[in-house]
Amino acid sequence: MALSGQEHLEVAPISAPPRERVLDFLRAAFPLRSPQYFTHLDWHYRLGYDPASEPIVAVLPEGRVVGLAAAIPGRLRLDGAEHRANWYVDFAIAADLQRRGIGQALTQAWVTRCDTWLGQPNERSIG
């Protein structure tokens with residue numbers, strides 16, 4: 001996905017980029033979160049629970065992490081059938097790159113991973 005003439009975006013599992021680059025992004029995206037949040041990402045995002053629900057990040061060619069889509073995996077029972085379900089918990093795009101299609105790229109990568117998505121969108125994300 002082109003952001004401009006030269007830049008292309010890679011969507012990858014959160015475990016792919018160096019952890020410190022992920023943490024740099026998360027600290028900027030969620031500045032009010034407790035420092036403990038950043039030391040327990042594996043637990044917070046249930047890494048290892050189900051590869052299909054591993055959070056994904058958007059990464060620029062130089063390695064800067066600029067977006068995150070994360071969910072808590074689970075199961076949903078509906079009309080007697082069990083479905084894989086994910087509850088969106090964190091969705092963020094770098095402030096300087098919002099409204100450039102990064103959120104759309106992350107969402108498109110997510111929709112093929114799960115039967116059912118749950119979440120609470122806001123005015124900026126509903127589009």
Side-chain angles (χ1 to χ4, degrees):
M1 177 195 141
L3 294 175
S4 68
Q6 271 40 355
E7 296 175 314
H8 293 280
L9 186 69
E10 177 187 359
V11 174
I14 197 172
S15 58
R19 179 63 63 107
E20 196 53 44
R21 290 190 181 185
V22 172
L23 289 171
D24 288 345
F25 171 77
L26 292 173
R27 286 183 186 111
F30 305 111
L32 300 178
R33 289 197 176 165
S34 163
Q36 278 65 37
Y37 161 82
F38 302 108
T39 61
H40 299 288
L41 291 183
D42 291 355
W43 175 84
H44 183 74
Y45 291 134
R46 312 299 192 264
L47 298 184
Y49 173 81
D50 180 354
S53 65
E54 181 174 350
I56 54 176
V57 292
V59 184
L60 295 179
E62 72 274 6
R64 178 182 169 205
V65 175
V66 295
L68 166 78
I72 295 174
R75 300 283 185 244
L76 175 68
R77 193 170 221 55
L78 183 63
D79 293 330
E82 187 173 281
H83 302 270
R84 173 184 277 152
N86 280 333
W87 179 269
Y88 267 118
V89 291
D90 289 331
F91 193 87
I93 307 301
D96 62 321
L97 292 174
Q98 292 181 0
R99 298 296 197 209
R100 305 222 10 227
I102 296 169
Q104 289 176 343
L106 287 170
T107 300
Q108 287 172 357
W110 264 123
V111 297
T112 61
R113 296 173 144 216
C114 188
D115 296 342
T116 306
W117 285 96
L118 309 168
Q120 295 176 319
N122 60 45
E123 295 80 27
R124 292 179 57 98
S125 67
I126 195 71

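Computed over heavy atoms, backbone and side chain alike; hydrogens, waters and symmetry mates excluded.
- Taken to the nearest 0.5 Å, the CG atom of Asp90 stands 9.5 Å off from the CG atom of Leu41.
- In terms of the ring pair (Phe, Tyr, Trp, His ring centres under 6.0 Å) criterion, Phe30 has no residue partners (sequence neighbours excluded).
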Could you go step by step and tell me if Val65 and Asp24 meet the side chain to side chain contact (heavy atoms under 4.5 Å, CB included) rule? CA-CA 8 Å; Val65 175; Asp24 288 345; over 6 Å; no

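- When atom types are taken as modelled, the side chain of Glu10 and the backbone of Val59 share no donor-acceptor pair closer than 3.5 angstrom.
- Counting all heavy atoms, side chain and backbone alike, Ile102 lies closest to Ala58 at CG2-CB, 3.7 Å.
- Under the rule for a side chain to side chain contact (heavy atoms under 4.5 Å, CB included), Asp79 has no partner lying at least two apart in sequence or in another chain.
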Does the pair Arg100 and Leu9 meet the rule for a side chain to side chain contact (heavy atoms under 4.5 Å, CB included), with working shown? CA-CA 11 Å; Arg100 305 222 10 227; Leu9 186 69; over 6 Å; no

Take Arg75 and Arg84, measure what side chain to side chain contact (heavy atoms under 4.5 Å, CB included) needs, and give me the verdict at the end. CA-CA 5 Å; Arg75 300 283 185 244; Arg84 173 184 277 152; 3.6 Å; yes

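- The shortest non-hydrogen separation linking Leu68 to Leu106 is N-CD1, 3.6 Å.
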List the atom pairs, donor and acceptor, that lie under 3.5 Å between side-chain atoms in residues 15-22 and the rest of the protein, sequence neighbours left out.
| unit_1 | atom_1 | unit_2 | atom_2 | d |
| --- | --- | --- | --- | --- |
| Ser15 | OG | Glu54 | OE2 | 2.6 |
| Arg19 | NH2 | Asp42 | OD1 | 2.8 |
| Glu20 | OE2 | Arg27 | NH1 | 3.2 |
| Arg21 | NH1 | Glu62 | O | 3.2 |
| Arg21 | NH1 | Gly63 | O | 3.4 |

Assess the residue pair Tyr45 and Ile14 against the criterion (side chain to side chain contact (heavy atoms under 4.5 Å, CB included)); give the C-alpha distance rounded to whole Å, side-chain angles, the decisive distance to 0.1 Å, and a yes or no. CA-CA 10 Å; Tyr45 291 134; Ile14 197 172; 4.2 Å; yes

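- Pairing each heavy atom of Ile56 with each of Ala109, the nearest pair is CD1-CB, 3.6 Å.
- For Glu82, there are no side-chain hydrogen bond (donor to acceptor under 3.5 Å, both in side chains) partners two or more places apart in sequence or in a different chain.
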